[in-house]
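So the structure is just underneath, and the comments pick up after that.
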2 protein chains.
Amino acid sequence: MVTMKDIAAKACVSISTVSLVINHHDKGRVKPEIAANIWKVADELGYHPNAMARSLRSGRTHTIAFISDQVATTPYAGEIIHGAQDAARQLGYMMFIIDADGERNIDRDIDRMLSWGVDGYIYAKFANRYVSVPPMLDDLQVVVVNAEEHTAIHPRIEPDEVGIGYDATKRLIDAGCRRIAYIGCDEPAIAQFGRLKGYRQALEEAGLPFDERLTSRVSYGRPALEAVCALLDGMHPDGVFAFNDARAVYVYDYAFQHGLTIGKDLSVIGVDNHEVICDTTVPPLTSVELPHYEMGFWGACKIISLIEGRDPIKDKRVTPSYTAAPTPPLDSDGPTLIHCSIIEKESIAGKPRGQRNTGAVQTSETIGRSVPTAA
Amino acid sequence: MVTMKDIAAKACVSISTVSLVINHHDKGRVKPEIAANIWKVADELGYHPNAMARSLRSGRTHTIAFISDQVATTPYAGEIIHGAQDAARQLGYMMFIIDADGERNIDRDIDRMLSWGVDGYIYAKFANRYVSVPPMLDDLQVVVVNAEEHTAIHPRIEPDEVGIGYDATKRLIDAGCRRIAYIGCDEPAIAQFGRLKGYRQALEEAGLPFDERLTSRVSYGRPALEAVCALLDGMHPDGVFAFNDARAVYVYDYAFQHGLTIGKDLSVIGVDNHEVICDTTVPPLTSVELPHYEMGFWGACKIISLIEGRDPIKDKRVTPSYTAAPTPPLDSDGPTLIHCSIIEKESIAGKPRGQRNTGAVQTSETIGRSVPTAA
DNA sequence: CTGAAAGCGCTAACAT
DNA sequence: ATGTTAGCGCTTTCAG
């Protein structure tokens, strides 16, 4: 390992001079030609500052930990990690991954993080769920991503579920649909309540009646397919808002069986913009995308803003590399809701109004909207 | 921060005594009651050893870096990360995540890792691809996961693609299929060649002719659906081996349109065991699962074995928590192939022979099989 | 059985 | 403008 000592020896200066130069504190203190020579020697020797030694002195490690259960089990895991890692990288932080699988013996892992002196923690879920952040972390810097806490003591970000239901339904209404079905989820998930609420809001706003019989709550497999077919057979909706893409597929199955054409005879919109469904179905499925990358990105920015006491977004020290959507502001009080955009494919009859759909208009209203904790 | 100094003060002993006790080097050197008291004080004070200081002395950080592009873009990302993190955790290592998105400016990230003194590197892809490991890493400990290198200089693990094609096709043959179609991938991927090869091997072994017209190479969307329909219409196969689950879905679509029942009139097998497809289709799709968790797990074990010069698997210091499949041995020469199991659902007519299918029998032959680099 | 002391690589206050 | 020095928290000889 090359150290400052080696550089000092080779450049015939003292270690402190090397330190001053390497840390750019040499302005007006070290002769430029000496500084230049130090850089040259450092480069020749292949010097890398020892982060360990640096951290030992400064008490700051420039590392954050990304804690989550189910790193493995959902297709979207990577997007959140990617977003968080991207922001961390740009801000000069390294990110550890910790799998809190089933809340197992996470305390042992946290012990290890405490040993490392990690500067802050991102606690993430891969589906919008209630979580309990381990109390051990309560005194530390923690940000919660894609989840709600019962206690609501940490800053957090989550998708605007009501907005999803509202935008999706409105999109169908704008396409001319008047009998819009909702294929829901049979679990009492946060998302289920929110999306249903948004669905009803959009209907009401358009003066359309809410009809319980146009809604269904299903899981997967044959029972789900049969429930969807029964609803479509009995109620003949002209549009379907599905809780997610996987459930929207049953509408396609029905259409194939009955010779209907999706996007013509029947409009469908899902949620997730799941690549493996939306880009492979015929026709491709229009879907609301959950901004996982963006949530991860926000989470890392937020935790680092707490660590450093300054706002990396306002300071323009960071740019999302994967998306054009603006990152919600960091300084809102209470939880931050993030808007979810409709990704237009071809499963909805007619054109959306304007080039950008209503979802885009919603953006300005919803991005970073702060909601009362009781919501 | 609580330090050994604090403990020493409170316990009225010297720092070195505390160090001996905390590191379990006190056997026969420190009076048991003093040792006990030190532990008590440490606990009261909430002491966590400072990993930074420890590493500074020892020159070992007990960290590994997981470098990959596309952390975000595939549904399987998380499984590999999960497996690697799981092994690392059990062996007392922390794992950094680095996104080498598009080979961008990865050198900057590697600089940072060099500063950190990371002990080893896992270089992973999320689809079996050719990679070039950045030359900067060549002198360091590197393991390649789910990829091949042109140079083949680092230890690596990848799926047994030929075995996938062979097992899947054999499964259909065992179910009584005689006209077996192959829906391939239109890209020249490693997986495409391997699976096709296995398909042909199984046919040949069973004395069935290979018929080019029973094969097709497709992408996604309408052209893919049409190609699949044309093949099925023209050749009337009784079984279909699809390159992956997403392509297998087009066979389902065809069946819905023509009133055929999958798993009765037509058998189908895919690859990926993609949750969102295999558990939601009616009937559920039988599929070959790529052991991502296991590959990640192997990768971390391997890199740590290189770092420490001993075999954590043989030493039984580590157990996969997510799977029952044995981890391939670490000591084989050349690349390691990992077997992929068939996950039985209901899309194949008849029962598989025996409770465990032929895939399971293959396991013993293929797990950890080492192949010549030229293969 | 226990403590004193050196030093890992680096930073920063202080001295020259 | 450059060098000296103390010390971050810990480990590890070496004395006692």
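Each chain gets a letter, A, B and so on, in the order the sequences are listed, and its residues count up from 1. Note that these values count all heavy atoms, side chains included, but never hydrogens, waters or copies made by symmetry.
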Spacing of B/R57 atom CZ relative to C/dA6 atom C1', expressed in whole Å: 8 Å
Kindly say if A/N23 contacts the phosphate of C/dC10, meaning a side-chain N or O under 4.0 Å from OP1 or OP2. no
Indicate, with a heavy-atom threshold strictly under 4.0 Å, whether A/G59 touches base, sugar-phosphate, or nothing. nothing
Just N and O in the side chain of A/K31: are any of them under 4.0 Å from OP1 or OP2 of D/dT2? yes
Reading DNA chain C from 5' onward, which residue's closest nucleotide shows up sooner: B/I34 or B/A53? B/I34
So if I take every side-chain heavy atom of B/N50 and compare against D/dT2, C/dC10, D/dG9, which nucleotide ends up nearest? D/dG9
Nearest-nucleotide pick for A/S16, side chain only, options being C/dA12, C/dC10, C/dT2: C/dA12
Just checking A/Y123 against A/H154, ring centres under 6.0 Å apart? no
Separation of C/dT11 P from B/M52 CE (nearest whole Å): 14 Å
Whole angstroms only, please: what is the CD1-P distance between B/I7 and D/dC10? 8 Å
Can you tell which of C/dC10, D/dG3, C/dT2 lies closest to the side chain of A/V13? D/dG3
From CG of A/N37 over to P of D/dT2, roughly how many Å is that when rounded to an integer? 12 Å
A/T17 has its side chain closest, among C/dG3, D/dT11, D/dG3, to D/dG3
Would you kindly give the CG-to-C1' distance between B/D6 and D/dC10, to the nearest whole Å? 13 Å
Out of C/dC10, D/dT2, C/dA4, which nucleotide sits closest to the side chain of A/R54? C/dC10
Going by the angle between their ring planes, with limits at 30° and 60°, are A/W116 and B/W116 parallel, tilted or perpendicular? tilted
Check every atom of C/dA5, D/dC10, C/dC10 against the side chain of B/T3 and return the nucleotide holding the closest atom. D/dC10
Quickly work out the A/I15 CD1 to C/dG7 P distance and round it to whole Å. 13 Å
Aromatic rings A/H62 and A/Y93: how do their planes relate, parallel, tilted or perpendicular, breaks at 30° and 60°? tilted
Is there any ring-ring contact (aromatic ring centres under 6.0 Å, His included) pair reaching into residues 4-34 of chain B, and which pairs are they, with sequence neighbours excluded? B/H24-B/W39
If you only use heavy atoms from C-beta on, which nucleotide in D/dT11, C/dG9, C/dT11 is closest to the side chain of A/M1? C/dG9
With A/R112 via side chain to side chain donor-acceptor pair (under 3.5 Å) - residues at least two apart: none
